[in-house]
Amino acid sequence: MKVAVIGVGHVGLVTAATLAHFGHDVVGLDEDPAKIDTLQQGRAPFYEPGLQDLLDEVLGSGKLRFTREAAEAIEGADCAFICVGTPARADGEANLLAVENAARSVARNATGDIVVIQKSTVPVSTADRLHSIFAKATTHRIRLVSSPEFLREGAAVQDSLKPDRILVGSDDPEAHALMRKLYEPVLGGDCRYFEVDIHTAELAKHACNAFLALKISFANALARVCEASGADVVSVADIMGSDHRIGRDFLNAGLGYGGYCFPKDLLAFKAVAGRLGYDFGLLEEVMKINRGALDATVQKIKDALWNVESKKVLLLGLSFKPGTDDVRESPALNLARALTDLGAEVVGCDPQANEFAVREMPGLQVVEDPYKGAEGAHCIVVCTEWPEFADLDFVRLKGIVTLPMIVDGRNLLNEKDVVEAGFSYLPTGRPPANL
Ligand code: UDX
């Protein structure tokens with residue numbers, strides 16, 4: 001099948017490479033010249049485990065190519081995926097201009113009937129707008145599908161090659177038939193395939209992300225109560241998680257959620273519910289608790305250091321989660337800003353994200369080597385749970401810091417390792433040790 005993928009960011013590029021791996025002829029389209037240049041040279045423009053190998057394979061087989069020309073990508077295509085960004089506006093609503101432009105571009109450049117698959121996360125009822133664009137802009141038959149993506153950064157290739165579910169929303173039986181053919185290689189087995197109406201698909205994506213964020217915020221609220229009472233939030237989460245009705249995933253307390261999806265999707269979901277006449281106040285509380293998780297960590301550092309001014313703080317991890325170089329809405333960078341505002345000297349260290357962090361926060365000091373970053377530090381804060389930070393030599397670190405103090409914003413470290421090395425240890429929602 002001939003497939004166009006519009007927007008080759010984290011979702012679009014992985015989708016394009018996966019469909020090419022399934023044997024389809026795929027063209028990736030993006031308006032960013034630097035991104036297309038990098039891809040045409042055969043390189044992934046961001047870090048995602050397994051992506052470079054997958055690109056090597058599908059570029060080598062000729063199943064995937066890239067262009068900036070919409071006409072070239074869309075001409076003769078059986079279907080076109082829209083995978084463009086939907087950033088938050090100041091009022092919380094998603095800015096859908098890129099989706100609108102992509103839809104108009106498909107309508108303008110279609111050379112025959114085509115199925116448009118809307119993958120960008122959009123508010124429910126966006127399909128109605130797209131239908132009306134298509135009806136006015138072309139005489140070709142454009143069938144619309146909403147197929148939200150559930151892949152997680154850091155595990156995107158694996159999630160895409162072996163999805164646990166595929167969600168296809170459409171009111172058109174022929175569009176459903178094309179989607180089944182497109183995804184034939186992964187159907188059966190453990191993958192659940194949902195065929196629903198278009199509005200259900202649109203709403204399900206916001207519902208999933210909001211519920212996951214709700215679980216994280218529940219854990220972060222529990223952490224506050226655990227800290228006040230001397231209980232251990234990790235054990236509470238383990239006990240809760242052993243009930244299969246609750247499940248253990250996404251109950252990890254810490255600095256809160258970040259990334260390109262949760263913060264903007266929560267805002268957008270709340271806004272669209274409000275527009276439809278329902279005040280989804282629960283989502284406001286989820287967002288408030290998330291901000292509170294970061295504030296609580298700032299307070300913990302202030303309490304530990306007494307006077308924060310000119311004290312050196314090493315942040316271990318700058319990406320919004322491990323396994324990615326993505327720093328969008330990263331809690332680590334929000335913490336860096338808060339500590340800088342308080343007058344601290346902040347140094348960041350991330351295995352992948354240093355370069356993107358400095359682009360996002362110009363002037364931020366970064367180091368490749370955590371031991372170098374720890375020289376003279378008054379406090380080390382674990383911001384992202386990269387596994388390599390758990391394996392640091394804490395005895396060596398103790399020898400080079402000014403104050404042996406670790407704040408664990410992700411409950412990553414083994415308390416025994418750090419306490420035996422002589423550090424005071426302040427985890428999140430768990431009793432501190434060696435104060
Ligand atoms: C999310 C959804 O998981 C994915 O299905 C959707 O397609 C896109 O949005 P992603 O943004 O890649 O994926 O990251 P995710 O793994 O969900 O983590 C989001 C944030 O929550 C991270 O900052 C992470 O550190 C934080 N988190 C996650 C917690 O604080 N605690 C947890 O228990 C889990």
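Indexing begins at 1, ligand by ligand and atom by atom, following the structure's order. The analysis underlying the following values was restricted to heavy atoms, covering all of them including side chains, and did not include hydrogens, waters or symmetry mates. In this chain, residues are counted from 1 in sequence order.
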Result block: side-chain N/O donor-acceptor pairs under 3.5 angstrom for residues 274-289, not counting sequence neighbours:
residue: Arg275; atom: NE; partner: Glu93; partner atom: OE2; Å: 3.1
residue: Arg275; atom: NH2; partner: Glu93; partner atom: OE1; Å: 3.4

Would you be so kind as to tabulate the donor-acceptor pairs closer than 3.5 Å made by side chains of residues 166-177, with sequence neighbours excluded?
residue: Ser170; atom: OG; partner: Leu144; partner atom: O; Å: 2.8
residue: Ser170; atom: OG; partner: Asp172; partner atom: N; Å: 3.1
residue: Asp171; atom: OD1; partner: Ile198; partner atom: N; Å: 3.4
residue: Asp172; atom: OD1; partner: Arg143; partner atom: NE; Å: 3.2
residue: Asp172; atom: OD1; partner: Glu174; partner atom: N; Å: 2.8
residue: Asp172; atom: OD1; partner: Ala175; partner atom: N; Å: 3.2
residue: Asp172; atom: OD2; partner: Arg141; partner atom: NH2; Å: 3.3
residue: Asp172; atom: OD2; partner: Arg143; partner atom: NE; Å: 3.0
residue: Glu174; atom: OE1; partner: Arg143; partner atom: NH2; Å: 3.2
residue: His176; atom: NE2; partner: Ser170; partner atom: O; Å: 3.0

Ligand-side contact atoms (ligand 1) for residue partner Lys205, heavy atom cut-off under 4.0 Å: 7 (O)

Shortest heavy-atom approach to atom 1 (C) of ligand 1 - which of Phe218, Tyr257, Tyr260, Phe262: Phe262

Any Glu329 heavy atom less than 4.0 Å to ligand 1: no

Contact check, Gly254 vs ligand 1, heavy-atom distance below 4.0 Å: no

Under-4.0 Å heavy-atom contact with ligand 1, by part of Lys264 that carries it: neither

Phe46 ring center near His10 ring center (under 6.0 Å): yes

Atom indices of ligand 1, in the order listed, that fall short of 4.0 Å to a heavy atom of Gly256: 30 (O)

Test item, Gly259 contacting ligand 1 (heavy atom, 4.0 angstrom): no

Under 3.5 Å side-chain donor-acceptor pair for Asp128 and His199: yes

Sub-4.5 Å side-chain heavy-atom contact between Pro432 and Leu435: yes

